[in-house]
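Let me begin by presenting the structure, written as structure tokens, before commenting on it.
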Amino acid sequence: MPQYWLMKIEPAECSIDELARRPAQTVPWTGVRNYQARNFMRDAMQVGDGVLYYHSSCPEPGVAGLAEVASTAYPDATQFDLGSPWFDPKSSPEQPRWLNVDVRLQRRTRLLPLARMRSEPALQSMVLLRPGSRLSITPVTPQEWQAVLALLDAPAA
DNA sequence: GCCAACGTTGGC
DNA sequence: GCCAACGTTGGC
């Protein structure tokens, strides 16, 4: 039974276009510094899970493509990198605190804007849309996943 | 740049 | 273990 996720990334970090240009079309999902999001990667994600690739903190936030989980969780190298904004002095290689998975592009889609998602009845249950929700990784139900696919395949409004 | 909603920190 | 202060997220 496949599972589904929505994963936020700032396009400045790795946009869907940049992901498509990468040799393996894969990005290590580093920089997660929230325990709930980390635990999703560590405890629940499986290779092959579906991912809604979501652009955040940008002029047009929304789902920009479909991707998949391409690895199990492993220690996030940026936590040990003094020069990284994600360096964590409280973490150690012996007891790494932060993990990441790899994510591989399936296909770019047309942008499904956040505002459009908010207006779609079938998506009202999404964790993303909960007031004040800031989680960078959220579970998506099969029903929500199908509804997003339907919107992406529907004629443009 | 504003600000609401959260998460984390640290004193007690 | 409580909770106030502070920092962060992220849409607008």
Side-chain angles (χ1 to χ4, degrees), chain A residues 3-20 22 26-45 49-69 73-106 108-141 143-145 147-152 154 156-157:
Chain A
Q3 301 178 100
Y4 303 100
W5 309 93
L6 181 142
M7 300 177 77
K8 297 181 185 175
I9 193 162
E10 300 187 13
E13 208 58 51
C14 181
S15 71
I16 195 84
D17 289 337
E18 184 186 333
L19 181 59
R22 293 188 175 199
T26 295
V27 56
W29 212 265
T30 54
V32 170
R33 296 294 181 268
N34 170 284
Y35 290 105
Q36 208 177 337
R38 179 203 68 181
N39 292 349
F40 283 141
M41 291 195 284
R42 186 189 62 188
D43 304 332
M45 277 192 186
D49 282 358
V51 172
L52 300 176
Y53 199 93
Y54 180 94
H55 284 175
S56 71
S57 294
C58 59
E60 280 200 290
V63 172
L66 303 177
E68 65 182 350
V69 175
Y74 59 93
D76 177 341
T78 64
Q79 68 195 308
F80 308 123
D81 178 358
L82 262 170
S84 167
W86 296 297
F87 174 71
D88 183 350
K90 295 177 184 168
S91 189
S92 71
E94 294 74 29
Q95 293 250 318
R97 177 179 297 198
W98 304 112
L99 307 170
N100 69 274
V101 297
D102 292 336
V103 170
R104 184 186 303 116
L105 179 68
Q106 286 182 325
R108 279 178 282 186
T109 63
R110 74 165 185 248
L111 185 79
L112 178 59
L114 175 61
R116 177 71 187 88
M117 297 172 77
R118 285 197 191 286
S119 73
E120 174 55 45
L123 299 184
Q124 290 316 295
S125 58
M126 289 189 75
V127 176
L128 173 76
L129 302 184
R130 288 185 193 160
S133 171
R134 297 178 311 167
L135 256 188
S136 63
I137 298 175
T138 52
V140 171
T141 68
Q143 292 80 6
E144 291 160 354
W145 176 268
V148 167
L149 292 195
L151 282 175
L152 290 171

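In what follows, every chain begins at residue 1, and chains take the letters A, B, ... in the order their sequences are listed.
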Could you tell me which residues satisfy side-chain hydrogen bond (donor to acceptor under 3.5 Å, both in side chains) with A/Asp17, sequence neighbours excluded, listed by chain and number?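 For A/Asp17 the side-chain hydrogen bond (donor to acceptor under 3.5 Å, both in side chains) partners, ignoring immediate neighbours, are A/Arg108.
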Partner set under side-chain hydrogen bond (donor to acceptor under 3.5 Å, both in side chains) for A/Asn100, not counting sequence neighbours: A/Tyr74
Greater than 12 external heavy atoms within 6.0 Å of A/Glu60's CD: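 No, CD of A/Glu60 has 12 or fewer neighbouring heavy atoms, counting only those of other groups under 6.0 Å.
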Identified stems (criterion: three or more consecutive Watson-Crick or G-U pairs, under 3.5 Å), DNA chain C: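 So the stems come out as B:1-12 with C:1-12.
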Counting any heavy atom closer than 4.0 Å, what does A/Arg130 reach on the DNA or RNA strands: base, sugar-phosphate only, or nothing? nothing
Can you pull out every side-chain hydrogen bond (donor to acceptor under 3.5 Å, both in side chains) where at least one residue sits in residues 7-16 of chain A? Sequence neighbours excluded, please.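 For residues 7-16 of chain A: none.
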Need two values: the first and the last nucleotide of DNA chain B, 5' to 3', having an atom under 4.0 Å from any heavy-atom of chain A.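 The footprint of chain A covers B/dA5 to B/dT9.
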Enumerate donor-acceptor pairs with a distance under 3.5 Å from any side-chain N or O in residues 118-126 of chain A to protein atoms, sequence neighbours excluded.
unit_1   : atom_1 : unit_2   : atom_2 : d
A/Ser119 : OG     : A/Arg116 : O      : 2.8
A/Ser119 : OG     : A/Arg116 : NH1    : 3.1
A/Glu120 : OE1    : A/Arg116 : NH2    : 3.3
A/Glu120 : OE2    : A/Ala122 : N      : 3.3
A/Gln124 : NE2    : A/Arg118 : O      : 2.8
A/Gln124 : NE2    : A/Glu120 : O      : 2.8
A/Ser125 : OG     : A/Glu144 : OE2    : 2.5

Contacts of type ring-ring contact (aromatic ring centres under 6.0 Å, His included), residue A/Tyr53, not counting sequence neighbours: A/Trp29
Who are the ring-ring contact (aromatic ring centres under 6.0 Å, His included) partners of A/Phe80, not counting sequence neighbours?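 With neighbours one apart ignored, the set is empty.
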What salt bridge (Lys or Arg N to Asp or Glu O under 4.0 Å) pairs are there with at least one residue in residues 34-43 of chain A, not counting sequence neighbours?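 Of all non-adjacent pairs touching residues 34-43 of chain A, none passes salt bridge (Lys or Arg N to Asp or Glu O under 4.0 Å).
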